[in-house]
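Heads up: the structure comes next, in structure tokens.
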2 protein chains.
Amino acid sequence: MLTFNDNKAGMGGLDKEKITKVIEENTSASYSSFSKKQQSRIDEKVAEIKNRIEKATREEKQKAENSMKNLEIKLEASRDLSRDCVCIDMDAYFAAVEMRDDPKLRTIPMAVGSSAMLSTSNYLARRFGVRAGMPGFISKKLCPELTLVPGNYPKYTKVSRQFSEIFMEYDGDVGMMSLDEAYIDLTEYVANRTEKRIFTRHRYGGDCPCWLPRVPEDEDIENLQFEDSECTKCSKNRRAYFDDVEFGVGREEVVREMRFRVEQLTGLTCSAGIAANFMLAKICSDFNKPNGQFVLENDRNVILEFLEKLPIRKVGGIGRVSEAHLQSMDIRTVGDMLLQKALFPLCFSPLAQESFLRTALGLPGRPSSSDPRRKSISVERTFSPTSDFQMLCDVHLEICQMLEEDIRKAGVIGGKTITLKLKLSSFDVLTRSLTPSDTVSSLEDIQKYSLELLEKEKGKEIRLLGVRLSQLVFEEEKKSKTITDFWNDAKQQKPLSSPEDADEIIMMDTRPCPICGADVENQLEILNRHVDECIQKMTDEESPELICISVETKKKVEKPVVFSKKRKIQEKKPAAKKVATIDSFWKKE
Amino acid sequence: MLTFNDNKAGMGGLDKEKITKVIEENTSASYSSFSKKQQSRIDEKVAEIKNRIEKATREEKQKAENSMKNLEIKLEASRDLSRDCVCIDMDAYFAAVEMRDDPKLRTIPMAVGSSAMLSTSNYLARRFGVRAGMPGFISKKLCPELTLVPGNYPKYTKVSRQFSEIFMEYDGDVGMMSLDEAYIDLTEYVANRTEKRIFTRHRYGGDCPCWLPRVPEDEDIENLQFEDSECTKCSKNRRAYFDDVEFGVGREEVVREMRFRVEQLTGLTCSAGIAANFMLAKICSDFNKPNGQFVLENDRNVILEFLEKLPIRKVGGIGRVSEAHLQSMDIRTVGDMLLQKALFPLCFSPLAQESFLRTALGLPGRPSSSDPRRKSISVERTFSPTSDFQMLCDVHLEICQMLEEDIRKAGVIGGKTITLKLKLSSFDVLTRSLTPSDTVSSLEDIQKYSLELLEKEKGKEIRLLGVRLSQLVFEEEKKSKTITDFWNDAKQQKPLSSPEDADEIIMMDTRPCPICGADVENQLEILNRHVDECIQKMTDEESPELICISVETKKKVEKPVVFSKKRKIQEKKPAAKKVATIDSFWKKE
DNA sequence: CATCAGATG
DNA sequence: TACTCATCTGATG
DNA sequence: ACGCAAAAC
DNA sequence: TACTGTTTTGCGT
Ligand SMILES: Nc1ncnc2c1ncn2[C@H]1C[C@H](O)[C@@H](COP(=O)(O)OP(=O)(O)OP(=O)(O)O)O1
Ligand SMILES: Nc1ncnc2c1ncn2[C@H]1C[C@H](O)[C@@H](COP(=O)(O)OP(=O)(O)OP(=O)(O)O)O1
Ligand SMILES: [Mg+2]
Ligand SMILES: [Mg+2]
Ligand SMILES: [Mg+2]
Ligand SMILES: [Mg+2]
């Protein structure tokens with residue numbers, strides 16, 4: 001079966017065969033069983049696709065071809081090659097943060113997560129086949145030396161806030177797709193950028209390994225300015241080297257500049273893709289990972305050539321299943337899609353047809369709901385499978401409490417629909433939802449309605465429960481779009497948690513550390529290590545106590561596994577007005 | 001996959017689908033992986049078979065058909081319908097013994113074995129799909145209430161000795177195929193039996209549940225003689241009821257008589273098959289299990305009709321693999337074999353062809369080496385997989401020591417070939433053998449040669465080691481056929497362990513208890529419960545301490561699992577002159 | 001002679 | 001806690 | 001509106 | 001020790 005997928009940066013040239021075997025040999029029987037079920041559904045669909053193509057009449061085929069041709073003309077007409085779109089994606093993000101903060105981790109294969117599930121792995125570990133979404137215990141079979149470190153979502157959130165501010169300087173409308181992924185429309189900035197910029201680069205050497213980036217061993221250090229100090233963390237001496245770096249005016253240079261600034265600020269590297277639209281930029285951002293960037297010329301032919309040999313799986317929105325579907329039509333690369341486009345109407349829904357055709361042509365997904373507000377909010381937890389209803393109720397209550405907390409922190413008043421999610425011990429997932437006449441908002445409501453749903457499922461052996469609120473009602477528009485609620489939150493948060501107050505200062509040449517207020521050189525990059533150090537101190541204190549459902553109820557439901565994003569500190573709130581959340585780049589079948 | 005097989009008495013009408021699913025869901029990944037490998041070998045062979053049939057030329061097919069026709073004529077000529085062959089097989093043997101000795105077990109699903117492997121299950125458990133050869137932990141999923149009891153091989157051996165003596169009365173040449181399975185040629189006895197026989201039947205009631213058989217609750221007790229006593233085991237009062245039962249002169253009656261006597265003696269039920277040869281008798285013995293018998297008339301047509309719809313898997317020698325092979329030729333029943341016999345030469349070796357044809361005709365397997373002596377002797381143990389050579393050596397030594405002990409007890413002087421068996425952590429099995437110029441006999445020899453072989457396999461991760469000695473050299477023929485060595489053993493054993501001294505008394509009408517010497521009524525059945533009680537006392541004391549390789553060596557190799565036949569008490573010796581071991585009833589591909 | 005596969009209880 | 005053990009036969013090289 | 005499947009990080 | 005958690009989109013009923 002297709003258990004292992006190497007569609008990820010840093011995972012080229014692995015022995016898929018062998019890795020797949022190890023995975024299969026260590027996959028629990030019940031999970032195998034589940035995978036098999038999944039696979040057979042795919043097989044079914046594949047059979048259907050082949051059948052449809054087989055049985056299609058001349059006319060149908062002709063009609064399909066025409067339909068696609070027309071659509072292509074329409075889409076082609078919409079092609080916009082005038083934009084400079086950038087996708088910046090942090091390298092091995094969670095892992096990189098942990099490596100930054102613990103030098104021991106920098107030279108060994110490691111991953112963030114638990115023996116049950118990894119959030120990501122560093123590039124060393126990827127050489128063993130270890131990757132995000134893989135259970136830790138299996139990864140350990142692939143790579144016995146693998147070190148697992150528990151994740152710290154609040155920390156990653158803070159770091160993300162830090163560097164997203166940089167992007168904001170270049171595009172007031174950056175879209176943060178996730179903590180580590182930013183979509184930046186550079187068109188305007190590039191057009192207006194008429195001069196090169198010069199930055200003082202800070203790099204570190206000496207016995208203290210804490211700060212990044214380091215000066216490469218082989219670099220000639222003689223002519224560099226430096227400054228010695230004692231690390232407040234490891235107490236060893238650190239030497240900071242300074243030199244100037246300059247960035248020109250083109251989009252490539254600007255992207256290099258952003259990446260430079262990110263690294264200066266966070267000590268973390270990222271990769272970038274530059275193209276005529278975000279869909280392409282995203283693909284490009286993976287091309288020279290880690291710590292690289294790739295430009296795709298804004299030229300139709302160049303784009304089509306680039307796509308020609310690109311495996312469809314690299315395209316956002318085409319996952320395991322769509323890949324299989326398309327493969328059954330002899331489509332392996334985006335180029336193949338173009339060749340076979342005439343078959344789409346025979347096999348896929350209109351939306352999927354268009355989506356695939358857009359992909360084939362290198363056009364972005366159809367723009368969708370531009371309301372930046374979230375559409376749902378949910379909490380779910382996995383535990384030892386049980387059908388003991390009392391235990392399930394205990395877990396359920398805790399989940400509702402967490403959800404209610406999140407709702408409050410998210411500035412959500414309530415929602416119209418409540419959904420209960422169940423995962424059976426077989427891994428099959430069910431949802432049960434309910435839309436009462438009046439808006440659900442209190443903990444009591446949430447708990448009452450979802451419990452009602454849960455009670456109807458008595459007797460099932462369950463391994464996960466979740467509760468979701470959707471059709472949300474938000475705090476007054478005005479409020480949510482202003483800064484008032486920000487301050488409400490900010491009171492409870494440490495200074496850094498309110499980075500948005502910096503937005504007026506951004507272009508300035510010096511600024512105060514948002515933590516201790518001290519002034520430092522340069523722009524953002526001045527507070528470079530200073531801020532970093534403050535953050536570390538902060539997050540060290542906060543030590544987030546991984547979110548295990550502490551089920552002390554009875555006996556059986558013992559150990560949930562992976563860390564979730566917070567609990568303990570509030571710092572969620574929607575990324576707010578300035579850094580909008582992106583909702584959709586993907587369209588598919 | 002075909003993980004579950006219901007080809008066993010008491011397992012009809014189960015939901016194979018569901019059971020298979022539970023099994024698959026609880027099968028460890030590495031074992032699944034192994035099973036898959038196995039299955040694909042079968043698939044390959046199946047493909048080859050189909051191919052051969054496909055590609056056979058007219059001539060080849062004609063030649064094959066002729067060859068089979070000739071063979072059939074030859075075999076048909078050898079048909080012997082004059083014999084009264086009986087196969088008697090104890091019902092759920094190990095389980096029945098445990099149930100007998102612990103009344104609590106009689107009404108619940110239980111199995112003999114460990115959480116790693118079951119030797120057998122009682123009929124209640126079989127309703128859940130729980131059966132011999134199934135790991136206990138999986139059985140528990142199929143039947144959570146299942147009680148596991150560790151086996152006690154010495155006890156089963158003793159009980160087997162007891163009832164095999166009964167069979168000896170009817171056929172001086174009984175073949176004990178295993179502890180629970182006897183092959184009795186009744187021809188002569190039935191011919192000479194001119195009068196019915198009358199036995200006093202002993203059955204038990206009262207508060208003491210210990211003794212079997214009980215008088216059925218619904219039976220009218222009024223007219224029965226009885227005698228009260230206090231059970232020496234449970235101290236409750238027991239009432240023994242007596243009545244007479246008589247058995248006539250035909251073979252059915254005689255078999256009923258034997259079965260009656262076995263139950264009177266041991267408290268255990270058995271089932272029997274009666275037919276013109278042992279191959280058929282064996283099949284018949286399963287037909288009315290448990291506690292039943294089935295006669296197959298000595299008539300060619302009746303036999304062929306009986307076989308017509310008999311699933312091939314019921315035939316001795318046709319297992320999982322052969323079944324699959326034959327099924328690929330559309331052969332599901334023995335009747336199908338006859339229809340398709342012309343294909344055999346295209347697919348199977350000459351021996352297999354003949355074997356299958358014999359089966360199809362209801363003829364017994366070709367008689368083979370009538371040397372009743374064993375051909376090999378071996379010891380093997382499973383442990384936590386390791387590639388630590390020191391640990392493997394430790395285990396290896398223990399195995400050699402056990403083997404040497406067995407060899408001594410078995411009256412074997414030595415052997416020419418020593419074979420090392422390895423099972424890798426993948427479950428693949430390897431053997432490595434060696435035939436030195438001079439006979440291997442001492443522990444040192446065994447250990448030295450097999451270690452030599454083991455050393456060549458260094459680095460492999462191993463889950464089982466075994467050592468076998470073959471091409472055996474025995475103690476002088478005379479000795480092995482006499483009683484001298486028996487006495488040597490008998491000294492160390494408790495009185496009952498030497499039941500062979502009874503062989504001169506067998507046909508007598510009264511006899512002394514071989515344990516305490518006391519005289520009791522009737523023949524063997526007199527000492528009925530008396531002996532039983534003595535046995536129980538004895539075996540209770542002996543409590544055999546399951547044979548775990550106590551690997552205290554280092555750390556990893558911890559827990560072997562199933563019980564083996566003894567260790568701790570010697571009682572093996574070949575079944576000796578009077579009850580010969582059978583070597584082969586099965587011939588196959 | 002050596003190795004493996006298949007079978008049985 | 002975690003897929004046995006002892007034994008035989010037959011095919012293949 | 002509901003339930004499910006697919007996808008992303 | 002044992003296959004995550006949060007969110008979105010789209011299809012079908
Ligand atoms: N399947 C997942 N489950 C939970 N968290 C995930 C999963 N995939 C990714 N994440 C988290 C951890 C990642 O560091 C972070 C960013 O994801 P992503 O950019 O895809 O990979 P990455 O940044 O770790 O490596 P890279 O981008 O270098 O390939 O999101
Ligand atoms: N696969 C096995 N592994 C180990 N021991 C076994 C295995 N199969 C059977 N035995 C042992 C335990 C059994 O009680 C004994 C006799 O086997 P067998 O006659 O086939 O079954 P059984 O006597 O338990 O039930 P029944 O004969 O009623 O079907 O041999
Ligand atoms: Mg990333
Ligand atoms: Mg990302
Ligand atoms: Mg039996
Ligand atoms: Mg038997």
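Lettering of chains follows the sequences in order, A, B, ..., and the numbering in each one begins at 1. Being a predicted model, the structure only gives us computed values, none of them experimental.
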Practice task
With heavy atoms under 4.0 Å as the rule, sort B:Gln38 into base, sugar-phosphate or nothing.
Solution key: nothing

Exercise for the section: Salt-bridge test for B:Asp428 and B:Lys37: reply yes if a basic N is under 4.0 Å from a carboxylate O, no otherwise. Expected result: yes

Practice task
Using a cut-off of strictly less than 4.0 Å, decide whether B:Ser35 has a side-chain nitrogen or oxygen near OP1 or OP2 of D:dC3.
Solution key: no

Handout entry: Partners passing salt bridge (Lys or Arg N to Asp or Glu O under 4.0 Å) against B:Asp91 (at least two apart in sequence or in another chain)
Key = B:Lys289

Handout entry: Residue mapping more 5' on DNA chain F - nearest nucleotide basis, A:Arg468 or A:Ser28
Key = A:Ser28

Handout entry: Side chain of A:Glu181 - closest among F:dC3, F:dG5, E:dC9
Key = E:dC9

Problem - Any B:Thr382 side-chain N or O less than 4.0 Å from OP1/OP2 of D:dC5 - result: yes

Problem - Sugar-phosphate, base or nothing in reach of B:Tyr93, heavy atoms under 4.0 Å - result: nothing

Handout entry: Distance-only donor-acceptor test, B:Ser376 side-chain atoms vs D:dC8 base atoms, 3.5 Å
Key = no

Exercise for the section: Select base, sugar-phosphate, or nothing to describe what A:Thr27 touches, counting heavy atoms under 4.0 Å on all strands. Expected result: base

Practice task
Give the nucleotide from the list D:dA11, E:dA1, F:dT6 with an atom nearest to the side chain of A:Glu380.
Solution key: F:dT6

Completion exercise
Out of D:dG10, E:dC9, E:dC2, minimum distance to the side chain of A:Ser178 belongs to E:dC9

Handout entry: E:dC4 phosphate, OP1 or OP2, under 4.0 Å from A:Arg432 side-chain N/O
Key = yes

Fill in the blank from the handout: Against the side chain of A:Lys423, the closest entry in E:dC2, F:dG5, F:dT4 is F:dT4

Practice task
Measure from OH on A:Tyr183 to P on E:dC9 and round the result to the nearest Å.
Solution key: 7 Å

Exercise for the section: Take atom CZ of B:Arg320 and atom C1' of C:dT8, then tell me their distance rounded to the nearest Å. Expected result: 14 Å

Practice task
May I have the distance from A:Phe94 (atom CZ) to F:dT6 (atom P), rounded to whole angstrom?
Solution key: 12 Å

Problem - Nearest-neighbour nucleotide for the B:Arg313 side chain, E:dA6, D:dA11, C:dT8 considered - result: C:dT8

Practice task
Scan A:Phe34 against the nucleic acid and name what it touches under 4.0 Å (heavy atoms): base, sugar-phosphate only, or nothing.
Solution key: nothing

Handout entry: B:Ser349 side-chain N/O to D:dG10 phosphate OP1/OP2 under 4.0 Å
Key = no

Fill in the blank from the handout: Closest of D:dT9, F:dT6, C:dG6 to the B:Lys375 side chain is D:dT9

Exercise for the section: Would you indicate which nucleotide in D:dC3, C:dA2, F:dC3 comes nearest to any side-chain atom of A:Arg463? Expected result: F:dC3

Handout entry: Length of the line joining A:Met279:CE and E:dA8:P, which is rounded to integer Å
Key = 12 Å

Practice task
Inspect the contact between A:Lys282 and A:Asp89 and indicate whether a charged nitrogen and a carboxylate oxygen are less than 4.0 angstrom apart.
Solution key: yes

Problem - Distance test, side-chain N/O of A:Ser322 to OP1/OP2 of E:dA7, below 4.0 Å - result: yes

Handout entry: All pairs passing salt bridge (charged side-chain N to carboxylate O under 4.0 Å, His left out) where residues 416-426 of chain B contributes a residue, at least two apart
Key = B:Glu380-B:Lys421

Problem - Nearest-Å distance for atom pair CD1/P, residues B:Ile318 and C:dT8 - result: 9 Å

Handout entry: E:dC2 base / A:Thr417 side chain donor-acceptor hit below 3.5 Å
Key = no

Exercise for the section: From the options E:dG3, E:dA5, D:dT4, select the nucleotide whose nearest atom is closest to the side chain of A:Arg41. Expected result: E:dA5

Practice task
Looking at every strand, decide which applies to A:Asp180 at a 4.0 Å heavy-atom threshold: base, sugar-phosphate, or nothing.
Solution key: sugar-phosphate

Exercise for the section: Report the distance from atom CG of A:Leu148 to atom P of F:dC3, rounded to the nearest whole Å. Expected result: 14 Å

Fill in the blank from the handout: Nearest heavy-atom approach of B:Phe383 to B:Leu465 is CE2-N, 3.5 Å

Exercise for the section: Measure from NZ on B:Lys314 to P on C:dG9 and round the result to the nearest Å. Expected result: 12 Å

Practice task
Give a yes or no on this: more than 12 heavy atoms of other residues, nucleotides or ligands lie within 6.0 Å of atom NZ of A:Lys141.
Solution key: no

Completion exercise
Which of C:dA7, E:dG3, D:dA6 is nearest the side chain of A:Ser433? It is E:dG3

Handout entry: Phosphate contact (F:dT9 OP1 or OP2) by A:Arg366 side-chain N/O below 4.0 Å
Key = no

Handout entry: Under-4.0 Å side-chain N/O to phosphate OP1/OP2 contact, A:Ser378 with F:dT6
Key = no

Practice task
Give a yes/no answer on whether the side chain of B:Lys421 brings an N or O atom under 4.0 Å of OP1 or OP2 in C:dT3.
Solution key: no

Fill in the blank from the handout: Note: A:Leu422 and A:Leu420 closest approach over all heavy atoms is CD2-CD2, 3.8 Å

Practice task
Tell me which nucleotide among E:dC9, F:dG10, E:dG3 gets nearest to the side chain of A:Leu351.
Solution key: F:dG10

Exercise for the section: Looking at every strand, decide which applies to B:Ile138 at a 4.0 Å heavy-atom threshold: base, sugar-phosphate, or nothing. Expected result: base

Exercise for the section: Send over the distance from A:Asn7 CG to E:dA6 P, rounded to a whole Å. Expected result: 17 Å

Problem - Enclosure of A:Lys36 NZ (heavy-atom neighbours >12, cutoff 6.0 Å) - result: no

